[in-house]
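A short write-up of the structure that comes next.
Numbers restart at 1 for each chain; the letters A, B, ... are given by sequence-line order, proteins then strands.
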Amino acid sequence: GENVEQHPSTLSVQEGDSAVIKCTYSDSASNYFPWYKQELGKGPQLIIDIRSNVGEKKDQRIAVTLNKTAKHFSLHITETQPEDSAVYFCAATSEAGAQKLVFGQGTRLTINP
Amino acid sequence: GAGVSQSPRYKVAKRGQDVALRCDPISGHVSLFWYQQALGQGPEFLTYFQNEAQLDKSGLPSDRFFAERPEGSVSTLKIQRTQQEDSAVYLCASSLVDGLLQPQHFGDGTRLSIL
């Protein structure tokens with residue numbers, strides 16, 4: 001089955017700097033890769049997703065890149081703000097996998113004012 | 001409501017008791033998923049419904065776990081004879097259309113503590 005590895009487990013950056021979180025996946029059949037932000041006591045909130053027919057997707061300060069050959073994808077947050085502090089999860093799935101998401105272990109991002 | 005609603009938000013039970021957790025998906029969403037999230041970990045898949053049909057229950061940890069969605073809307077996850085290792089946050093997610101890799105939208109979960 002699918003296995004998703006996420007790095008780093010913790011990340012601390014200065015406000016205004018960029019943050020990058022990386023994930024690798026094992027199943028070449030995976031073709032949908034969402035990123036979720038989870039705040040304390042809340043459920044995961046979808047912030048951006050990418051499908052395997054696209055190499056990059058951007059939404060304001062957030063971007064995701066996908067390298068299918070290397071089986072890795074990354075989340076980029078630019079101009080970080082204190083409200084970006086949270087735990088971020090990557091995930092992977094495929095239609096063959098009945099769309100059940102396989103999550104990475106999470107990255108705790110802290111933005112220092 | 002606009003989002004996925006789960007109840008109760010918190011549940012404390014003694015070891016050996018049965019518990020029932022409820023999920024109200026976004027109206028009209030065909031697919032419904034249950035995940036279990038241990039402290040400090042990512043969510044792990046438990047089971048999946050397409051309308052009222054349970055198409056995948058491969059993630060259920062034991063036969064003490066049972067889920068249903070009888071009318072294709074509200075779903076209940078039941079845990080019988082609870083054990084301490086069942087303590088976790090149970091998350092429900094729904095998506096609009098099956099088979100087209102639609103985004104899954106999560107509720108805020110039920111935090112279950114087994115004493």
Side-chain angles (χ1 to χ4, degrees), chain A residues 1-10 21 23-25 27 29-54 57 59 64 66 75 86-109, chain B residues 1-10 21 23-26 29-50 53-60 67 88-111:
Chain A
E2 175 65 278
N3 183 53
V4 176
E5 297 286 334
Q6 182 172 346
H7 300 280
S9 57
T10 61
I21 302 170
C23 290
T24 60
Y25 62 99
D27 187 353
S30 289
N31 55 358
Y32 175 65
F33 307 92
W35 285 88
Y36 286 87
K37 174 183 181 183
Q38 188 173 31
E39 297 177 341
L40 195 62
K42 299 286 189 181
Q45 176 191 5
L46 180 70
I47 57 172
I48 196 166
D49 57 10
I50 192 168
R51 287 171 171 77
S52 60
N53 58 345
V54 176
K57 183 176 178 181
D59 182 4
V64 57
L66 171 65
L75 176 71
V87 179
Y88 291 80
F89 291 98
C90 63
T93 189
S94 68
E95 288 178 273
Q99 304 178 60
K100 56 186 180 187
L101 293 172
V102 177
F103 284 84
Q105 298 87 341
T107 296
R108 181 173 298 279
L109 176 63
Chain B
V4 177
S5 178
Q6 293 188 244
S7 60
R9 287 296 320 277
Y10 304 92
L21 313 179
C23 173
D24 282 85
I26 295 172
H29 277 200
V30 168
S31 299
L32 185 146
F33 303 81
W34 284 97
Y35 293 84
Q36 181 189 59
Q37 186 174 26
L39 191 64
Q41 302 293 316
E44 292 192 355
F45 171 81
L46 293 177
T47 187
Y48 156 60
F49 290 86
Q50 179 186 338
Q54 189 175 19
L55 298 186
D56 187 343
K57 52 182 181 179
S58 62
L60 296 177
V89 175
Y90 290 85
L91 296 165
C92 177
S94 69
S95 64
L96 180 59
V97 178
D98 186 65
L100 294 177
L101 294 175
Q102 292 292 310
Q104 294 183 27
H105 301 277
F106 283 81
D108 286 337
T110 294
R111 180 176 295 277

*Is it the backbone or the side chain of A/P34 that comes under 4.5 Å from a heavy atom of chain B, or both, or neither?*
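No part of it gets close to chain B.
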*For A/Q6, is it the side chain, the backbone, both or neither that has a heavy atom under 4.5 Å from a heavy atom of chain B?*
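Neither part.
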[X] versus chain A, the contacting section by heavy-atom distance below 4.5 Å:
X      : answer
B/S58  : side chain
B/E44  : neither
B/R111 : neither

*Return yes if some donor-acceptor pair links the side-chain N/O of B/Q37 with the main-chain N/O of A/G43 below 3.5 Å, else return no.*
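Such a contact is absent between B/Q37 side chain and A/G43 backbone.
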*asked:* Counting heavy-atom pairs closer than 4.5 Å to chain A, which one of B/C92, B/G40, B/P43 comes out on top?
replied: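 When all of B/C92, B/G40, B/P43 are compared, B/P43 has the most.
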*Relative to chain A, which of B/G107, B/A93, B/G109 shows the most heavy atom pairs under 4.5 Å?*
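With the most close heavy-atom pairs to chain A, the winner is B/G107.
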*Among A/C90, A/S9, A/G41, who wins on heavy-atom pairs under 4.5 Å with chain B?*
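Top option by heavy-atom pairs under 4.5 Å: A/G41.
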*Who among A/L46, A/N31, A/V4 has the most heavy-atom pairs with chain B under 4.5 Å?*
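If we count pairs closer than 4.5 Å to chain B, A/N31 comes out on top.
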*Nearest heavy atoms of B/Q102 and A/Q99, plus distance in Å*: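 Answer, listing the atom of B/Q102 first, then A/Q99: N-OE1, 3.8 Å.
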*Please say which of B/F45, B/F33, B/Y35 ends up in a side chain to side chain contact (heavy atoms under 4.5 Å, CB included) with A/L101.*
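The passing option is B/Y35.
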*Please round to the nearest 0.5 Å and tell me the distance separating atom CG of B/L91 and atom NZ of A/K42.*
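Output value for this atom pair is 13.0 Å.
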*Would you give the length of the straight line joining atom NE2 of B/H105 to atom OH of A/Y36, rounded to the nearest 0.5 angstrom?*
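Here the rounded value is 7.0 Å.
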